[in-house]
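Reviewing the structure listed below.
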There are 2 protein chains.
Amino acid sequence: MIAARNNLRTLAEYRQRRTACSDCAVFCMCFPDSLDTETALNGDETNLRQRLLNKGQHLVLDGQRLRSLYVVRSGSLKTYDLSSDGDALITGFYFPGEVVGIDALHSEKHSGHVVALEDTRYCDIPVKTFNRLQKKRGELQDLTQRLLCESILETRKLLLTTRHLSAQARLANFLLDISGRLVQEQDGSCEFHLSIDRHDIANYLGLTIGTVSRAFSSFRNDGLLTASGKNIRLNDQQALLSIATNIVER
Amino acid sequence: MIAARNNLRTLAEYRQRRTACSDCAVFCMCFPDSLDTETALNGDETNLRQRLLNKGQHLVLDGQRLRSLYVVRSGSLKTYDLSSDGDALITGFYFPGEVVGIDALHSEKHSGHVVALEDTRYCDIPVKTFNRLQKKRGELQDLTQRLLCESILETRKLLLTTRHLSAQARLANFLLDISGRLVQEQDGSCEFHLSIDRHDIANYLGLTIGTVSRAFSSFRNDGLLTASGKNIRLNDQQALLSIATNIVER
DNA sequence: CGGCCTCTTGAATTATCTCAAATAATGTGG
DNA sequence: CCACATTATTTGAGATAATTCAAGAGGCCG
């Protein structure tokens, strides 16, 4: 049996699992020869095909041919497009356990640049291997389809929120989303290191850096969070959630 | 050979083809027994499994189990979610040739309501048939993957524009998008019937009805389009395009 | 023809932006 | 490890785009 299929039912679920290969969404790819045996698990944690990317280095350039899928092991990435004016438009972030490139599976071309926000380790899964195994194993095809479907729903949700939410609501959504992806246990308060700077948050949310900073200050004044630079602690996720879902009817 | 695979390379391409079953993206589904013969083409235009939906009737309710995929033949649909406050949030529109439900293939549950904007004909493709054939035929799996990948890219593009564009730019994008999906020949000017009312346009673009109306008036004053109610003629698509891509750096 | 609904337009209000300055954090070379 | 340079963030005040609310115009249907 394939670990990924058994252990993980939702994106959120596998995001909370990290370091162990056996918990990786595409575990079966890294152990292609052990697919039918239990011995695969013995290879766990061996960091096959693992690579390092320094802060600021690009993993992928826009339009580049899809050679491999990438799974973040530690650190973080951002994806962005360049507008006709040369401005960066950030399309998303990747954290440990998340897969870069599935949306390029059909066109076999990456859309958008991918760059490291900090020193980042990742696994490299040749797309040839992936496709070869996809043909052989229906379970993997299910997995791909799931990742694609869930990616659509996620993007659509983000779209909804950015279109209809105020600056504070957007930031609240953003913080809850990121914290959910970075922090394992979700109890009352949570603390994490935010590798994304204010400028990128603003870009991602369709706001300006000033507005983002003001929203942070407002949350801070209300005691909802503690934010000194990149260290964030959410003190009252419940309150943030109620701000986050306060949709403006239009 | 499967028609869909041979005839259609991109979403935009199959959108421009409509009425003929042989040009449908999922043609092979409607002729499951004829897959391997040329006789399938003889069944063309026979409107197998075709249904009618009156204006205002729902095709799908949120959370409903995925029984069938639907392909619009004529008319139009909109999809929307309900916020916690009960406000509608429009997530998209479907026009002839477009497929409803692929994003629900994995979860087997529809996300969001789907309702007819006008009297609409559609084809009903039982998901069981679809899945059965997907197992048998690799080409269909490719097709599904393509539709999913392209849906991701489309949603992401929409996300980019709504986040960073002014009201006028959003409307220009919207009009060019819709016209591209509704009108076959794309030369200079084009004319079409817009089944979407101002309120829904505003909701979709994250604006208010007043702002949308003002943007229409502005375009009208500049001679870019002629819009009397639901009849739209784009007189200067080039100018609209330059407005549409005028991204605000943030 | 009148009533109803959609769309347009106007005037005042508000959220967010722009621009600029002050402060805090980070990195660098000695 | 410090002093400095650089960059990131916060904050303020005025400008602006979009909103709200309300009234008027246009179309559609019984």
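Residue numbers begin at 1 in each chain, while the letters A, B, ... track the order of the sequences. Only this structure's heavy atoms are used, side chains among them; waters, hydrogens and symmetry mates stay out.
Between D103(A) and R156(B), at least one side-chain nitrogen of the basic residue sits less than 4.0 Å from a carboxylate oxygen of the acidic one, meeting the salt-bridge criterion.
Computed from C1' positions of five pairs at each end, the angle between the two local axes of the helix from dC1(C)-dG30(D) to dG30(C)-dC1(D) equals 40°, rounded to 10 degrees.
Residue A167(A) places its side chain closer to dT16(C) than to any other of dC7(C), dA18(D), dT16(C). Each of dT16(C), dT20(D), dT10(D) was ranked by its minimum atom distance to the side chain of R198(A); first place goes to dT10(D). Residue R214(B) places its side chain closer to dT9(C) than to any other of dT9(C), dT10(D), dT11(D). For D197(A), the side-chain atoms get nearest to dT9(D) when compared with the rest of dT9(D), dT16(C), dT18(C). Listed nucleotides dT9(D), dA18(D), dC7(C) differ in distance to S213(B); the shortest reach to its side chain belongs to dC7(C).
Contact annotation: the side chain of R73(A) never approaches that of P96(A) to less than 4.5 Å [non-hydrogen atoms, C-beta and beyond]. Between L148(B) and I152(A) there is a side-chain heavy-atom pair separated by less than 4.5 Å.
With sequence neighbours left out, Y80(A) forms a side chain to side chain donor-acceptor pair (under 3.5 Å) with H58(A). With sequence neighbours left out, S217(B) forms a side chain to side chain donor-acceptor pair (under 3.5 Å) with no residue at all. By the side chain to side chain donor-acceptor pair (under 3.5 Å) test, D200(A) is found to be paired with K78(A), residues two or more places apart in sequence or in another chain being considered. Remark: R51(B) engages D124(B) in a side chain to side chain donor-acceptor pair (under 3.5 Å) (not counting sequence neighbours).
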Base, backbone or nothing for each nucleotide of nucleotides 23-30 of chain D, written B, S, -, heavy atoms under 4.0 angstrom, 5' to 3'?
--------

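In this structure, the ring of Y204(B) has its center less than 6.0 angstrom from the ring center of F93(B).
For the pair R233(A) and F192(A), the cation-pi criterion (under 6.0 Å, within 45° of the ring axis) is not fulfilled.
Put simply, CZ on F216(B) is 15 Å from P on dA18(D), counting in whole angstrom units. Whole-Å rounding puts the R220(A) CZ to dT9(D) C1' distance at 9 Å.
Nucleotides of DNA chain D nearest to Q168(B) and K230(A) differ in position, and the one nearer the 5' end is that of K230(A).
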